[in-house]
Protein chains: 2
Amino acid sequence: MIPETKQTNEEIIPTELIIKKAVEVICGKWRMIIIHLLREKVLRYGEIKRGVPGISEKVLVHELKQLVELGMVEKESFGEVPPRVEYRLTDKGRTILPVVDLLKEIGQAFM
Amino acid sequence: MIPETKQTNEEIIPTELIIKKAVEVICGKWRMIIIHLLREKVLRYGEIKRGVPGISEKVLVHELKQLVELGMVEKESFGEVPPRVEYRLTDKGRTILPVVDLLKEIGQAFM
DNA sequence: TGTGTTACCCACCAATAGGTAAGTAAGCAT
DNA sequence: ATGCTTACTTACCTATTGGTGGGTAACACA
């Protein structure tokens, strides 16, 4: 059982740790749905909320914060009142769109 | 926002529900690691346990049960003492190997 | 003055996931 | 008799996740 993953001139991280991290990143009841929503459009907070029916405000705010922290989403606040805040996928966020697509394929088989 | 997924002559399931189900199926701290372990070998319970360091017995047993229920893993008990039990990936289980591979690629970027 | 708007925050609660440590069955070797 | 082996089970506990229902800022408009 030898770690298979190489990083040029850097430490070698065992596959299981990498998978664990990736699972951390993509999991959560709503996260992939939010990413999927943001796939083609820049959306305001309220638009995301309406696009993810069933999610609570607390969780949506928390998810968006984490997605920003992870570098997957960018937040832009315009200093207006009432407030206007826009969220858009970053390039890093786009790297997980293939996962979303795979999930769409695979999910069918388990319905 | 029109549901994009068609099933010939069957009900149309909204994309978000499919993604949600898929996330349910693949999530859990250890599940993808177990699947990855079983990728090329049929393994006994104890071998899996040693291959997933850190997992508790309770959780491992529970995960294996769920994977069997989901049809992703097959369990074979030989009526021996001390017991011998083998676990192997099913074809259905193999359908999520592409997800594991994607996770391996993506996980890197978030380490 | 009062109401609506929007994107939040907060205190509290419930459900689920995961961890710990002990025990069990049944046979074999000592 | 005793202990070793293996694949579990059980009771109990903690941590994380998610949900509920309220509040707030700051301005525009009636």
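Below, chain A is the first sequence line, B the second, and so on; all start at residue 1. Worth saying up front: this structure is predicted, and the values here are computed from it rather than measured.
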Out of C:dG19, C:dG27, C:dC9, minimum distance to the side chain of B:Val81 belongs to C:dG27
Of the listed C:dC9, C:dG18, D:dC8, the closest approach to the B:Val59 side chain comes from C:dG18
For [X] and [N], what is the distance between atoms [atom1] and [atom2] respectively, to the nearest whole Å?
X       : N      : atom1 : atom2 : answer
B:Lys49 : C:dT20 : NZ    : C1'   : 13 Å
A:Phe78 : C:dA7  : CZ    : C1'   : 14 Å
A:Glu63 : C:dC8  : CD    : P     : 14 Å
A:Arg84 : D:dA28 : CZ    : P     : 15 Å
A:Leu64 : C:dT6  : CG    : P     : 17 Å
A:Lys20 : C:dG18 : NZ    : C1'   : 11 Å
A:Glu47 : C:dT6  : CD    : C1'   : 12 Å
B:Leu43 : D:dA7  : CG    : C1'   : 15 Å

Is B:Glu80 touching bases, backbone alone, or none of the nucleic acid, heavy atoms closer than 4.0 Å? nothing
Categorize B:Tyr87 for me: base, sugar-phosphate, or nothing, with a 4.0 angstrom heavy-atom threshold over every strand shown. sugar-phosphate
Minimum heavy-atom separation for B:Ile48 to B:Leu37, with atom names? O-CD1, 3.8 Å
Taking all heavy atoms of B:Glu24 and all of B:Arg31, pick out the closest pair and write down the distance. O-NH1, 3.8 Å
Pick from B:Glu74, B:Lys75, B:Met72: which one makes a side chain to side chain contact (heavy atoms under 4.5 Å, CB included) with B:Leu67? B:Met72
B:Phe110 six-ring centre to A:Lys92 NZ/CZ under 6.0 Å and within 45° of normal: yes
Ignoring backbone atoms, establish whether [X] has a side-chain N or O less than 4.0 Å from OP1 or OP2 of [N].
X       : N      : result
A:Tyr45 : C:dC9  : no
B:Lys58 : D:dT14 : no
B:Lys29 : D:dT17 : no
B:Arg44 : D:dA7  : yes

Closest-nucleotide 5' rank along DNA chain D - winner of B:Pro82 and A:Trp30: B:Pro82
Specify the residue among A:Lys65 and A:Pro83 whose closest nucleotide of DNA chain C lies further upstream toward the 5′ end. A:Pro83
So, does B:Arg94 use its side chain to make a donor-acceptor pair with the main chain of B:Arg39 at under 3.5 Å? yes
